[in-house]
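Sequence lines set the chain letters: A, B, ... in the order given, protein chains first and strands last, and positions in each chain run from 1. Fair warning: this is a prediction, and the values are worked out from it, not measured in the lab.
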Protein chains: 2
Amino acid sequence: MSLRHALLGLLAQGPASGYDLTRAFAGDDGGIGQYAWQAGHSRIYPELGKMADAGLVVVDETGPRGRKSYALTDEGRTELRRWMLHRPERTTVRDETVLRMFLVQSLEPDDARRLLEGIAEHCAAELAKLRSVMDEVDAEHDPHEPVPFGRLAGEYGLRQYEAVHGWALWSLERLGATVPG
Amino acid sequence: MSLRHALLGLLAQGPASGYDLTRAFAGDDGGIGQYAWQAGHSRIYPELGKMADAGLVVVDETGPRGRKSYALTDEGRTELRRWMLHRPERTTVRDETVLRMFLVQSLEPDDARRLLEGIAEHCAAELAKLRSVMDEVDAEHDPHEPVPFGRLAGEYGLRQYEAVHGWALWSLERLGATVPG
DNA sequence: CCGCGACCTGTCAACCTGGACATGTCCGAC
DNA sequence: GTCGGACATGTCCAGGTTGACAGGTCGCGG
């Protein structure tokens, strides 16, 4: 049940409504929804309700259009910390892209090459996009201030794409293709 | 519905029983179950049944203890290829470990440091393990033969761990810059 | 020959998930 | 002033997923 902890983590940045949280999960903007977890509002609203019942969050303030802003309670903060620091023996991973990578070798070499080339291109494009976003963040960031929230996650995405890109090129070489670019 | 495609991909390596496939998903041995997808036998058996109904697989042979070995049909192979080469607009990712990384900055600096140190250590250990396995594979592998099945996946795991390890160290440095430790 | 552990297949209930359905409100542009 | 689009919350259902329950077979060491 990690949705609960994802919500706790997002609320640790500050109060937010179900709508705000939904957007955080939905974005393909290098946020949590692209790399770590997804959830639709139809899961988020009931979960927020349950979390409120459990005393992990409270309705902080209400705004226009029935907006309910949720904030972490001390109990919620404790639970988040407990979950973050407790290293589980076995974590669940479910990643369609990685699944494809595992199965590359079930394809004919020509098909495998085409797939890998697609992956390499895609990574290069995402890398460029992400890098420009991060450069902007760094430019605005006073080095004496703490690292902005999400900067570490952004760096993670960057290194991730670099790794996959490098892997795709390496694999193409192994398969005996002419490496593009 | 990626379980179906995961099964098709595994069967592309050769016929297997539901039991074999269950072990492939369950292993924490650097296989598909560790990085890409998980499934219990309670999902696998019904799905194999449905896939047989759909003509994607057939019961290849029956063995002792009611063992049923499944093999891909041409139709199954076609469907696998279709899925592998079709780049979806938005893929689902659900990764508890990455989720933790996204939420590192919700922790107090001391806790964050402890978590990152744990991650770095864990990666280093996994890297060492994986590297020794892969060296063995490479030593037994005739360079004139095609790349062994799983070699590309293994390389992926390697680069993955390297990337995460590097990221954890980088993050520790960043956190160290703001709070003296 | 007997028992234990690995092999092997299955079902079921409870829960999670994603997409459709439903409803209504605020705000700025025209 | 009114209209369209973003804001905002919620329910429902079909289908996916998990973990428990269930039952049975082979092979080998003692």
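Listed pair B/Arg43 / D/dG15 fails the phosphate criterion, with no side-chain N or O lying under 4.0 Å from OP1 or OP2. One finds a side-chain N or O of B/Lys50 lying less than 4.0 angstrom from the OP1 or OP2 phosphate oxygen of D/dG16. At D/dG10, none of the side-chain N or O atoms of A/Tyr45 fall inside 4.0 Å of OP1 or OP2 (strictly under the cut-off). Listed pair B/Arg23 / C/dA6 fails the phosphate criterion, with no side-chain N or O lying under 4.0 Å from OP1 or OP2.
What separates CD of B/Glu47 from P of D/dT17 is a distance of 8 Å, to the nearest Å. For the pair A/Glu96 CD and C/dG18 C1', the computed distance is 13 Å after rounding to whole Å. In this structure, the NZ atom of B/Lys68 is 15 Å from the P atom of D/dT25, given to the nearest Å. When rounded to the nearest whole Å, the span between CE of A/Met51 and P of C/dC16 equals 13 Å. B/Leu48 places its CG atom 9 Å from the P atom of C/dT9, with the value rounded to the nearest Å. Distance, B/Gln38 CD to C/dC16 P: 17 Å, rounded to whole Å. In this structure, A/Asp20 atom CG and D/dC7 atom P are separated by 9 Å, rounded to whole Å. Note: CD1 (B/Ile44) to P (C/dT9) measures 10 Å, nearest angstrom.
Residue B/Arg65 has its side chain nearest to D/dC26 when only C/dT17, C/dG10, D/dC26 are considered. For A/His41, the side-chain atoms get nearest to C/dA20 when compared with the rest of C/dA20, D/dC21, C/dC12. Across C/dG19, D/dA8, D/dT17, the shortest atom-to-atom separation from the side chain of A/Arg94 is found for D/dT17. Ranking D/dT18, C/dG18, D/dC7 by closeness to the A/Tyr19 side chain, first place goes to D/dC7.
No continuous path of ILVMFWY side-chain contacts below 4.5 Å connects B/Phe25 to B/Val93, so the two sit in separate hydrophobic clusters.
Results of the side chain to side chain donor-acceptor pair (under 3.5 Å) test with A/Glu79 over A/Arg81, A/Arg77, A/Arg82 single out A/Arg82 as the only residue that passes.
Where B/Pro64 and A/Ser42 meet DNA chain C, the nucleotide closest to each residue was compared, and B/Pro64 sits on the side nearer the 5' end. The residue among A/Arg67 and A/Pro46 whose nearest nucleotide of DNA chain D lies closer to the 5′ end is A/Arg67.
Taking each heavy atom of B/His5 and A/Leu103 in turn, the nearest pair found is O-CD1, 3.7 Å. Listed here is the closest heavy atom pair of A/Arg151 and B/Gln105: N-NE2, 3.5 Å.
Side chains of A/Asp135 and A/Ser132: a donor-acceptor N/O pair is absent below 3.5 angstrom, by distance only.
Contacts of A/Arg4 with the nucleic acid, taken as non-hydrogen atoms under 4.0 Å apart, are absent. If you check every strand for non-hydrogen atoms under 4.0 Å, A/Ser17 touches sugar and phosphate atoms only.
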